Protein chains: 2
Amino acid sequence: MEDDRPERTNRVETTRARRALLVETAITCFVDQGIARTGMRDIAKKAGVSVGNLYNHFPGRDDLIAEIAKIDAAGLSEVVAQIAECTDPQEAIDRFVKTYFAYCADPVSAVLTVEITSEALRNPAIEDLFSGNRAMLVETLAAAIAAQGQTKTPADVSAGLVLDTIEGFALRVGLTGKKPRKGETEALMSFVRHALTAEED
Amino acid sequence: MEDDRPERTNRVETTRARRALLVETAITCFVDQGIARTGMRDIAKKAGVSVGNLYNHFPGRDDLIAEIAKIDAAGLSEVVAQIAECTDPQEAIDRFVKTYFAYCADPVSAVLTVEITSEALRNPAIEDLFSGNRAMLVETLAAAIAAQGQTKTPADVSAGLVLDTIEGFALRVGLTGKKPRKGETEALMSFVRHALTAEED
DNA sequence: ATCGATTCGATGAACGTTCGTTCACTTAAT
DNA sequence: ATTAAGTGAACGAACGTTCATCGAATCGAT
């Protein structure tokens, strides 16, 4: 039969799958033990693969870390793009806070953030991956704040402070692993909403 | 003369000084290269001391890290105590924001925070050192917020969010190393003041 | 005050382990 | 037959830690 394709597995497909498996395994290891305490052997063993093969897929340890940082940055980038499309300023801000918080508060994301931040301190290439995202976050949020236009502080400064609040809170939630207390997320939104309100004096 | 004490250096004094030197050197190394990338030899070499001697002062690497975490926590503890003494609620909050921010935004403190946070994720003993401080910070700030009593969200929840904002902003300032833009610190205080203001609806 | 005895800070070579990485080799898809 | 995924032993370097050893400060006896 023509349809009887070789049962032997497609090579490009299996190698892509294996590479993905290795990345996922590495993330798990980094989250569980920390980047610093994770060796190439740990990843290979957990993935059920030889060390040599691991090096067939990634030139070295730093490249593997950079790859994961890139994936993390790409995930964040998606969130930013998704948030951007909203017309009403107030609703845009609300959605921003809710969505960005949910993203950052995920335990895996939170732990990775700490680990990668530590890594970025000594690796400019990794830092660059995220500084772009940060700028985009500020830009997106500042636009909504400016459209609402109620405070006298520059919109990008306010946006930065809102991001700090969200990230700080999300990190606290994500690192401890316990869910936020009932109403705590609403408190965050109320907090931000008030913070962006103009004073009367 | 009676006053002519032995010129030979006092032993307990020199050992205390050397221990302090080692701690300080270790902090410098940890900030410069990160805890994970700093070896015992690095610290010993930079301090101009033999490795063996380093082990005479600290039982092991983890104890040295714990010691530094303890010092860091103690420094924060001082700040908390210093802040607590203020009667007027609004002024207490303002002082809190300003003082705590200044403390966290110090580059050394900021980098150490990231490094130690990463360490604390896998070392409960270190985490405990800071969870107590966090509770005290929340308690102190919540008292001032409750005394001012304007919002409907629980005071400790608001206090937590204020801390998140301060810490997030301070980390951003401290890690990048560049001073906050003019008026940015005032923006932080204005931001917090508004966030703690009750709504009218 | 002086002198052995003792204590302890200080040294750096050495130990065993683990690390990132390489490589000769096998296996399987093209 | 060629190409590339896959293997695991092996390599050199670096790690945390230990150890025999030395020198100087302390102490008790004189």
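Letters A, B, ... are given to chains in the order of the sequence lines, protein chains preceding strands, and every chain is numbered from 1. Everything numeric in this text was worked out from a predicted model, so none of it was measured.
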Chemist: With the threshold set at 4.0 Å, does a side-chain nitrogen-carboxylate oxygen contact exist between A:E119 and B:R37?
Modeler: yes
Chemist: Does D:dG6 have OP1 or OP2 sitting under 4.0 Å from an N or O in the side chain of A:R18?
Modeler: yes
Chemist: Do other residues, nucleotides or ligands put more than 12 heavy atoms under 6.0 Å from the CD atom of A:E78?
Modeler: no
Chemist: Flag the pair B:K70 and B:E67 as a salt bridge only when some basic side-chain nitrogen lies within less than 4.0 angstrom of an acidic carboxylate oxygen.
Modeler: no
Chemist: What is the distance, rounded to the nearest whole Å, between atom CZ of A:R16 and atom P of D:dA5?
Modeler: 14 Å
Chemist: What integer distance in Å separates B:K45:NZ from D:dA14:P?
Modeler: 10 Å
Chemist: Please report, rounded to the nearest Å, how far the C1' atom of D:dG6 is from the CG atom of A:L54.
Modeler: 12 Å
Chemist: How far apart are the closest heavy atoms of B:V31 and A:R122, and which atoms are they?
Modeler: O-NH2, 2.9 Å
Chemist: Measuring from A:T153:OG1 to A:L161:CG, what's the distance to the nearest 0.5 Å?
Modeler: 7.5 Å
Chemist: Need the bend value for the helix from C:dA1-D:dT30 to C:dT30-D:dA1: angle between end axes, 5 pairs each end, nearest 10°.
Modeler: 10°
Chemist: Give the rounded distance in Å between these two atoms: CG of B:L22 and P of C:dG9.
Modeler: 12 Å
Chemist: Strictly by ring-ring contact (aromatic ring centres under 6.0 Å, His included), give each pair with a member in residues 49-73 of chain A just once, sequence neighbours left out.
Modeler: none
Chemist: Going 5' to 3' along nucleotides 12-23 of chain C, which nucleotides have protein heavy atoms under 4.0 Å from the base (write B), which only from the sugar-phosphate (write S), and which from neither (write -)?
Modeler: B-B----BBBB-
Chemist: In whole angstrom, what separates A:R11's CZ from C:dA28's C1'?
Modeler: 7 Å
Chemist: Would B:R134 and B:E167 pass as an ion pair if we require N to O under 4.0 Å?
Modeler: yes
Chemist: Hey, is CD on B:Q90 packed in by over 12 heavy atoms from elsewhere, all under 6.0 Å?
Modeler: yes
Chemist: Give the rounded distance in Å between these two atoms: CZ of B:F58 and P of C:dG9.
Modeler: 13 Å
